[in-house]
Amino acid sequence: MKINRKNIKHNNFKNQKEIYDFWENEKLFRANPSSNKKPYSLLIPPPNLTGELHLGHAMQHAILDAVARFKRLQGFDVLLLPGVDHAGIQFEATLDRKLKKKNISKEKLGREKWLEEAWKFKSEVYKSVSKTWRFLGLSADWSHEVFTLDEGPRRAVFEEFKTYFEKGLIYKGPYIVQWCPKCNTAIEDVELEYEERKEKLYFLKYGPLTLATARPETKFGDTAMAVNPKDKRYKEYVGKVFTIETLTGNRKMKVVADSAVDPKFGTGVIKVTPGHDFVDYEIGKRHNLPILQAINKDGRLTDLAGKYEGMKVMEAREKMLPELKEKGILIKTEDYTHNVAVCERCKSIIEPLISEEWFVKVKDLAKGAISVINEDAINFLPKNYKKILVVWLKDLHDWCISRTLWWGHRIPVWYPSTRSARSGQVAEMKVSLESPGKGWVQDEQVLDTWFSSGLWPMSTLGWGDQSQSGKSKWKELVKYFPWDFEISAPEIKYLWIGRMIMISKYFTNTIPFKVMFFHGMLRDLQGRKFSKSLGNGVDPNYLIDQWGVDATRMALYTYSIPGRDGRVSKDLLDERGKNFRNFETKLRNISRFILELKPDSNVILSDSEESRDPSSRTQDDNKENFGNKWIMDELSKTSQKVTKNLEQLELHLAVDEIYNFVWHQFADKYIESSKNRRVEAQPTLEHILKQVLILLHPFMPFLTEEIYQKFGVKRKSIMLEDFPQN
RNA sequence: GGGUUCGUAGCUCAGUUGGUUAGAGCACUGCAUUGACAUUGUAGAGGCCACAGGUUCGAGUCCUGUCGAACCCACCA
């Protein structure tokens, strides 16, 4: 690249915002689909639109940005695509809580008005996310920014739904689902958490048999008893029907034999409640048992419960115990500790129940995903996540994709009348993005957030969008897909990563990304996750205020090892932040020494990059004297290692290398020894400094740009430099 | 019950395919300081690399087992 010195402006930036604006105004973050440079694409995991970015996000984004900047310096056409996710349940719950405080009820507002509020709230929350991104120096291509509910993704999601529908992979029907009574919607297995609870195990008399249960209140929904077929104790009872007292009259129940029953647990007999338990549902299906609904969607008992009708589950359990005892049904209780499923979002106890929902048959999708993963088409970091995902994919059950919410992609299914909509008449419905005509009513439910997130690698590049704006993007899809780099927290490996692989393979017959980087989780010193309720989190904005962006980024890179959790506290992060802030000061001082305190200005200003030969030997060049040759060798070794580390995505090692070189080789040894031959060493000093800045730029973008601007001979921005070739 | 990962200095952690004397930051001790830099320099102390076997010329690194910690998955009613 020819340097035209006349065009070079020395920028004296007042603050980091000015630097960021300079980059943005110069369009240095923009990808260029028509350039002949080799593409390198990175997809930012869309953060949930629910609030502030936390420390984990900051680390994730710092990693993405370092890789993107590195690849740009290497001469790639880099696309770092930003976007945010509408985060269905979570967003809706947050907004409802907010509205409740203002005494506005959702029902009163109605769907349309509520959605207006939602979009307002969305842009409010988005501002804080966007601000933090810029704060961190994220070099994202803002011209490509996407929101999951935008038109493009909406059309892509429709395409996805329609295809499944036409291929017979989508069905609607009653099925047992994990139901959150508080969020009032079905949720997926992967959306639940387990909490250890100390409860009781109740031993109840059912006809001639005694069985153990933790949930006596589901008694009203029992339709059978079951034992293990190999259990000799109960052989004579199998197939026989007994009359069982239910507290609301007698019910005839059969004893069935099913291998799902563990003969070692309790008495070896279970009551079967197909309407409110997953195992029981399966047993029921195998033995053709009737299903009774004993618990409603609001978590209260139904009329089956007689005088207990309307009571919440826990209340009913307490209240019915005396009656059970009195009637001789409750024989004894034992202390019992077990895991209770709770909603990941609101922590309320999940009620398995039967609900009319939409499902996707995932068997073929999963098979495809397994095949691409086994072909090693995706480079998983760490490697073992490959196996973990395959195991999960192997016995995946059908995906419940409907949610009883308003915030999301509404299911693109229409019914000819309100009545057929209510009864969900499958035969009459039409799949369409827009209304098929007057009188048609759209399905009330929306799609699971992950239905659209799973499509993210494609929908962000215009896939499935038949409109003009979608078609104009096809070149980008060809150029940037599959993505070169994707990063994620391990906790959403199934929810998101697994889905993306399945969906991408199904629709494009290829992988969604070439590198899948799972960073570790940042935890507190006791190894617990950060959470609002524990208050153990560390706010990235605090660290940035205290130590600066670049130092904060550096501190985070030291925790960026794939799959390795880091234990941190405010003190520990302050320690590292301070350490790298000191490093920043060191580098400022080095540059002041080299660029501002020059021995003789005539000697130093060389005219072009080429005319200088920094590797020329000094008179007394040997190891002990730390001469030019020595430092050039050290630099070369360092840049080789840094390049290798970056290529292998070992950012923590790269940071370590540069840190050590700058401080302990360059500053402590070379600069010290150069003081008595300053004039002769000056070209080398400048050369090394500039190379150091380039090596460091992916990690400390602001500082390196700031110092770079002080060079006499330079390009417009350090972002336009070339990464040292080795 | 199945799976994964970890155990290295007082603390938080690095240690790339096995290869000199096992490293960093912080903390600690001595010394220096009109210096580009005290947000510094320099010297140092601190480790049976969890434990026990094995493979090897050679093991923090590979294999087996034991103990300890954490996480994920699963239909323990």
Side-chain angles (χ1 to χ4, degrees), chain A residues 176 189-190 194 199 201-202 204 211-216 218 222 225-226 258-273 276-283 336-339 341 352 382-385 387-392 394-395 397 490-491 493-494 520-521 523 525-529 547-548 551 554-555 558-559 561 563-569 571-598 641 644-645 647-648 650 652-657 659-660 663-664 667-668 671-672 674-675 678 685:
Chain A
I176 186 157
D189 292 354
V190 269
Y194 289 89
E199 296 192 331
L201 195 57
Y202 305 89
L204 306 180
L211 52 82
T213 179
R215 302 201 58 190
T218 58
D222 291 345
M225 291 167 280
D258 197 289
S259 55
V261 181
D262 178 1
K264 288 196 272 301
F265 186 90
T267 60
V269 187
I270 64 165
K271 61 194 209 52
V272 185
T273 323
H276 299 285
D277 186 284
F278 280 82
V279 186
D280 294 6
Y281 181 82
E282 294 299 325
I283 295 175
Y336 182 52
T337 307
H338 66 150
N339 291 329
K383 282 201 295 288
N384 59 309
Y385 275 71
K387 201 171 136 194
I388 295 175
L389 274 163
V390 168
V391 168
W392 178 73
K394 268 188 179 150
D395 56 12
H397 55 246
E491 57 181 350
K493 55 186 177 290
Y494 306 129
M521 302 270 288
R523 302 170 178 282
L525 291 181
Q526 290 150 60
R528 299 176 302 182
K529 279 197 219 175
W547 312 111
M554 290 292 266
T558 63
Y559 290 101
I561 304 163
R564 257 308 204 281
D565 290 355
R567 298 198 170 191
V568 299
S569 64
D571 287 349
L572 279 170
L573 285 164
D574 273 338
E575 180 190 307
R576 293 201 186 194
K578 184 176 155 193
N579 181 226
F580 287 109
R581 192 273 322 265
N582 292 355
F583 179 65
E584 192 169 329
T585 309
K586 187 77 182 177
L587 204 62
R588 277 221 171 75
N589 279 309
I590 290 171
S591 79
R592 195 150 74 102
F593 176 74
I594 296 175
L595 299 174
E596 291 171 26
L597 305 171
K598 295 173 183 177
K641 281 185 202 159
K644 188 181 151 206
N645 293 334
E647 297 281 10
Q648 297 183 354
E650 296 169 317
H652 63 294
L653 294 180
V655 162
D656 217 49
E657 285 296 336
Y659 181 96
N660 184 57
W663 204 311
H664 302 303
D668 290 349
I671 294 181
E672 283 309 316
S674 78
K675 283 176 180 169
R678 179 66 196 275
L685 286 167

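Chain letters run A, B, ... following the sequence lines, proteins first and then strands; every chain starts at 1.
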Looking at [X] and [Y], what are the two nearest heavy atoms and their distance?
| X | Y | answer |
| --- | --- | --- |
| A/Leu211 | A/Lys271 | CD2-N, 3.6 Å |
| A/Gly566 | A/Tyr559 | CA-CD2, 3.9 Å |
| A/Pro490 | A/Met521 | CG-CG, 3.9 Å |
| A/Pro263 | A/Val261 | CD-O, 3.3 Å |

Does any N or O donor sit under 3.5 Å from an N or O acceptor when you compare the side chain of [X] with the base of [N]?
| X | N | answer |
| --- | --- | --- |
| A/Glu672 | B/C37 | yes |
| A/Arg581 | B/U39 | yes |
| A/Arg576 | B/U12 | yes |

Within this structure, what is the [atom1]-to-[atom2] distance between [X] and [N], rounded to whole angstrom?
| X | N | atom1 | atom2 | value |
| --- | --- | --- | --- | --- |
| A/Trp392 | B/G2 | CH2 | P | 23 Å |
| A/Tyr659 | B/A24 | OH | P | 11 Å |
| A/Asp668 | B/C37 | CG | P | 15 Å |
| A/Lys641 | B/A14 | NZ | P | 19 Å |
| A/Lys586 | B/U39 | NZ | C1' | 10 Å |
| A/Arg592 | B/U39 | CZ | C1' | 13 Å |
| A/Leu587 | B/U39 | CG | C1' | 13 Å |
| A/Asn645 | B/U16 | CG | C1' | 8 Å |

When you get a sec, tell me which of [options] is the closest nucleotide to the side chain of [X]?
| X | options | answer |
| --- | --- | --- |
| A/Arg567 | B/U16, B/G15, B/A70 | B/A70 |
| A/Ile388 | B/A36, B/U4, B/C11 | B/U4 |
| A/Arg564 | B/G15, B/U16, B/C76 | B/G15 |
| A/Glu575 | B/G25, B/U40, B/C75 | B/G25 |
| A/Val279 | B/C75, B/U16, B/A27 | B/C75 |
| A/Leu597 | B/A36, B/A14, B/G25 | B/A36 |
| A/Asn582 | B/C76, B/G25, B/U40 | B/U40 |

Between [N] and [M], how far apart are the two [atom1] atoms, rounded to whole Å?
| N | M | atom1 | result |
| --- | --- | --- | --- |
| B/A24 | B/G46 | C1' | 14 Å |
| B/A27 | B/U40 | P | 10 Å |
| B/G18 | B/C13 | P | 26 Å |
| B/G10 | B/G47 | C1' | 12 Å |
| B/A9 | B/U61 | P | 15 Å |
| B/A50 | B/A69 | C1' | 11 Å |
| B/G65 | B/A45 | P | 40 Å |
| B/C48 | B/G60 | C1' | 12 Å |

Counting only side-chain nitrogens and oxygens, does [X] get under 4.0 Å of the OP1 or OP2 atom of [N]?
| X | N | result |
| --- | --- | --- |
| A/Lys387 | B/U4 | yes |
| A/Lys383 | B/U4 | no |
| A/His397 | B/C73 | no |
| A/Asn384 | B/G3 | no |
| A/His664 | B/A24 | no |

Base, sugar-phosphate, or nothing for [X], non-hydrogen atoms under 4.0 angstrom?
| X | answer |
| --- | --- |
| A/Ile270 | base |
| A/Ile561 | sugar-phosphate |
| A/Phe265 | base |
| A/Tyr559 | sugar-phosphate |
| A/Asn579 | sugar-phosphate |

Atom CG in A/Asp656, atom CE in A/Met554: separation rounded to 0.5 Å?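 One finds 9.5 Å between CG of A/Asp656 and CE of A/Met554.
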Any donor-acceptor N/O pair, A/Asp565 side chain to A/Gly520 backbone, under 3.5 Å: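 Such a contact is absent between A/Asp565 side chain and A/Gly520 backbone.
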If you pin A/Ala212 and A/Asp656 to their nearest nucleotides in RNA chain B, which one's is more 5'?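 In this pair, the answer is A/Asp656.
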On RNA chain B, nearest-nucleotide positions of A/Phe583 versus A/Glu657: which is more 5'?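 The residue whose closest nucleotide sits nearer the 5' end is A/Glu657.
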Take A/Leu572 and A/Glu575 through the side chain to side chain contact (heavy atoms under 4.5 Å, CB included) test and state the conclusion after the steps. CA-CA 5 Å; A/Leu572 279 170; A/Glu575 180 190 307; 3.9 Å; yes
Across all strands shown, which nucleotide pairs with [N] by Watson-Crick or G-U wobble geometry, both distances under 3.5 Å?
| N | value |
| --- | --- |
| B/A22 | none |
| B/G1 | B/C73 |
| B/A9 | none |
| B/G47 | none |
| B/A52 | B/U64 |
| B/U40 | B/A32 |

Is there a side-chain contact between A/Ile270 and A/Val279, using heavy atoms and a 4.5 Å cut-off?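 In short, these two side chains do not touch, never coming nearer than 4.5 Å.
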Taking the six-membered ring of A/Tyr659, is the NZ or CZ of A/Lys586 close enough (under 6.0 Å from the centre) and on axis enough (within 45°)?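 Because its charged atom misses either the 6.0 Å distance or the 45° angle limit, A/Lys586 does not stack over A/Tyr659.
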